[in-house]
Each structure stands twice: as C-alpha cells, then as structure tokens.
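Everything below concerns the one structure shown next.
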Amino acid sequence: MIPMVDLKNQYKKLKPEIDALLDEVFETTAFILGPNVQKFEQEVASMLGVKHALSCASGTDALHLALRAAGIGPGDEVITSTFTFIATAEAICYVGATPVFVDIDPLTFNLDPELVSHAINDKTRAILPVHLFGQPADMPRIMTLAEQHNLVVIEDCAQSFGAKVNDQYTGTIGLAGCHSFFPSKNLGCYGDGGMITLNDDTLADEIRMLRNHGSRQRYHHDVIGYNSRLDEIQAAILRVKLRYIEEYNHNRYRVAQQYSSELRDVVRTPHEDKIGNHVYHQYTLLSPQRDKLMKALSEKQIANAIYYPIPLHQQKAFSKEYADISLPVSEQVAKECMSLPIYPELTQAQITQITDTIKSQL
Ligand SMILES: *Cc1c(COP(=O)(O)O)cnc(C)c1O
C-alpha cells in the first residue's frame, strides 16, 4: 500500500520535537494567539523575506481576508485560473466579486498570461494566479500586466510553500500571498491553518483586525470581521515542520526527477518552465490512457488521484453563469491528467514499483 502522502511516517520522525512543544502548549494553556503563533509568524516572515506573515484559520480564509482587505467587492472582476481547487474562486465570491475564469498554459497548467491580458476590462480589479502543483505561475508577466492596468495581484500559494521566482519566494511578489497548511500541503499542520504574507503595513493592519472579529483593541469592533485564527497547537506543529521545509521540498524534487526519468518516453511528464523552481506539491502527468493506468495502480494498492477532474467553469456551482464559455486546454487536461503519490519519504523501491506498474500498461 502506497498512499498519496505518508503523514504517519513523517510524524514518527518528528514525534520527539512535536511532542515536546505540544506538552508546553498544554501546560501553559495559551491556546489562541499565543507565543507559538507569534513565533511561527516571525519565523515564516524571516524565511520568506517579507515584512508581515499573518496566520489565519485556513488557506480559503487567507484568500478571503486578503481580497476583502484589498477592497475587492461587488461589481469587481477577479481574473483567475479555471484549473484549480474551488477555494480559489470561492474566496472571490465571498467578497461579492465575480471570478473571471481564464484558461491555462498546456505545458505548466498555470494561468496563460496572454489569455489574462485578453480578459482585462474596465471592471477588472485583481489577478489571482495559482502556483499550481508547486510550480510558480508566470509572475514576471503577470506583474507587468498588473502594473500596466493598475490591478492588484493576490497569489494563491496553497500548493507552493517554499517555491521561488528568481530570488523571491512565492507569496512575496504580489500585494499578498495566501498559504494553506492543510495536512497534505507541502507545509501542513494536523488540522486546518492558513497564512497571508505581505509587505504593506496598512493592509497587514487591516487583516490583523479582520481575522480577530474586526477588533484592534479588545471589545472595540471597527467593522464586522471574522473568527479566523491559527491555534497554538497547529502553530507549534508548524514551527517544527518549518525547520525541514527546504529538505522536504528538495526530496519532493528528487522523487519527481526519478519519476520523470523513468516515465518520460511513455507519458507526458511535468514540464518545468524554469520561471521559478517547482516544489512538486503534486506530480501530475498526462496520458490518453489515464483511466487504464489508474486502474492498474489501484489494483496494486498504489494510491492515485485526478487533480482536477472538472475545471471550475464546468462545476455545478458555477456552470449556470459560465455555460457558454469554453476553455479548451483545461477541459482537455482534465480528461488526461493524473497524479502519483509524492512525499519526501517516498523510497526508490516504491518509485520503481510505481513506474514499473505504469510502464507495464503502455
Ligand atoms: C488547498 C488549497 C486551497 C485552500 O486551502 P484550505 O487550507 O484547504 O482552505 C486554496 N487554493 C488551492 C490551490 C489549494 O490547493
């Protein structure tokens, strides 16, 4: 049995460090906005080289809070990818704005900047690129477009913690970067968690206030805000894992290279465009024989998954409003994509078993 991610094995290795910090949390009973949250925020800010790192309850909330603090609302259009997890677009809807779904580059699965430029009009207020599967979107071109048209850029970094474009980490290039610490993400906690990274002081102050019931001073509420905080337990776990994130991402990259060298001739392996470095949140390949490959893997107890089977413009939640748009690249990729298990602890023997199973079918 090979899972998509092996969190149990990882916990075994981290147990002494995590348990020690957790004992401390339980002893001190500072469960909300306590010292681990504060330290975790400082540690991320210092690693990413960004002024503010503000934790919140989930990656979805991070997107929601960033969009709201940036003043995006009803009547505004936000350009984003149709080929992503639905949370990206949900957050746009939560603030009352309209998601404008744009197609992807067929090689990287990231937003196609040329198509983004065609989608810009008088109502456009923001671009929300997703660094899908851990590979940075084309930020140089997206930032240029944003500057030309005076648009806000909010990065969805839920899958890209630790990835860089040149010497800048994702999440520090646009106005704000939104991270998720869902357990299976590259940096995951043992529950839900999220974070917004940014350099703008005014926006940071606004987000800090919004995440804590619209309050800057206890029992003084400036606006209707939210309860969206990271708890101490999750922060303590994340502080331990943060020490290893570069090593984890390095190992994910190693696994991906091993997959690609074995599979290059039989399927379309992931394309690295070198705009940034790929941190392989997912290893996603394309094959017209996908269904057959998935069946063969499942029979051998090897986990596999489709990220994503339905582009957002075709989801039931959106399909009424977007019935007449066609985004052919995403629609085709959704038919042929499949993802293999990828995690830092995956062994050479496991990788060989997986690639042999695939090659035996083609
Ligand atoms: C996981 C994910 C989110 C949402 O994060 P949660 O912490 O689960 O709310 C948003 N966008 C993308 C691309 C994701 O993969």
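As the structure lists them, so they are numbered: ligands from 1, and atoms in each ligand from 1. As a basis for the values below, the full set of heavy atoms in this structure was taken, side chains included, without hydrogen atoms, waters or symmetry mates.
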Going by heavy-atom distance to atom 2 (C) of ligand 1, choose the closest among Gln159, His179, Lys185.
Lys185

Within 4.0 Å of some non-hydrogen atom of Val130, the atoms of ligand 1 are 13 (C)

I'd like to know whether CD of Gln148 has more than 12 heavy-atom contacts from other residues, nucleotides or ligands below 6.0 angstrom.
yes

Under 4.0 Å between a Lys/Arg side-chain N and an Asp/Glu carboxylate O for Glu114 and Arg141?
yes

Checking Asn110 side chain against Gln135 main chain: does a donor-acceptor pair fall under 3.5 Å?
yes

Subset of ligand 1 atoms that lie under 4.0 Å from at least one heavy atom of Ser58:
7 (O), 9 (O)

Less than 4.0 Å between a side-chain N and a carboxylate O, is that true for Glu41 and Arg211?
yes

Check ion pair Glu43-Arg243 (N to O, under 4.0 angstrom):
no

Per-atom contacts of ligand 1 with Thr84, taking only distances under 4.0 Å to non-hydrogen atoms
13 (C)

Would Ala87 count as a polar contact of ligand 1, with the cut-off being nitrogen or oxygen pairs under 3.5 Å?
no

If you measure every N/O of Ser180 against every N/O of ligand 1, is any gap under 3.5 Å?
yes

Does the plane of the ring in Phe318 sit parallel, tilted or perpendicular to the ring in Tyr322? Use 30° and 60° as the thresholds.
perpendicular

N/O of Asp156 under 3.5 Å from N/O of ligand 1, yes or no?
yes

Quick one: nearest non-hydrogen protein atom to atom 9 (O) of ligand 1, plus distance?
Thr60 OG1, 2.5 Å

Using 0.5 Å steps for rounding, measure from the CG atom of Leu132 to the CG atom of Asp105.
11.5 Å

Close-contact set for ligand 1 against Gly59 heavy atoms, below 4.0 Å
5 (O), 6 (P), 7 (O), 9 (O)

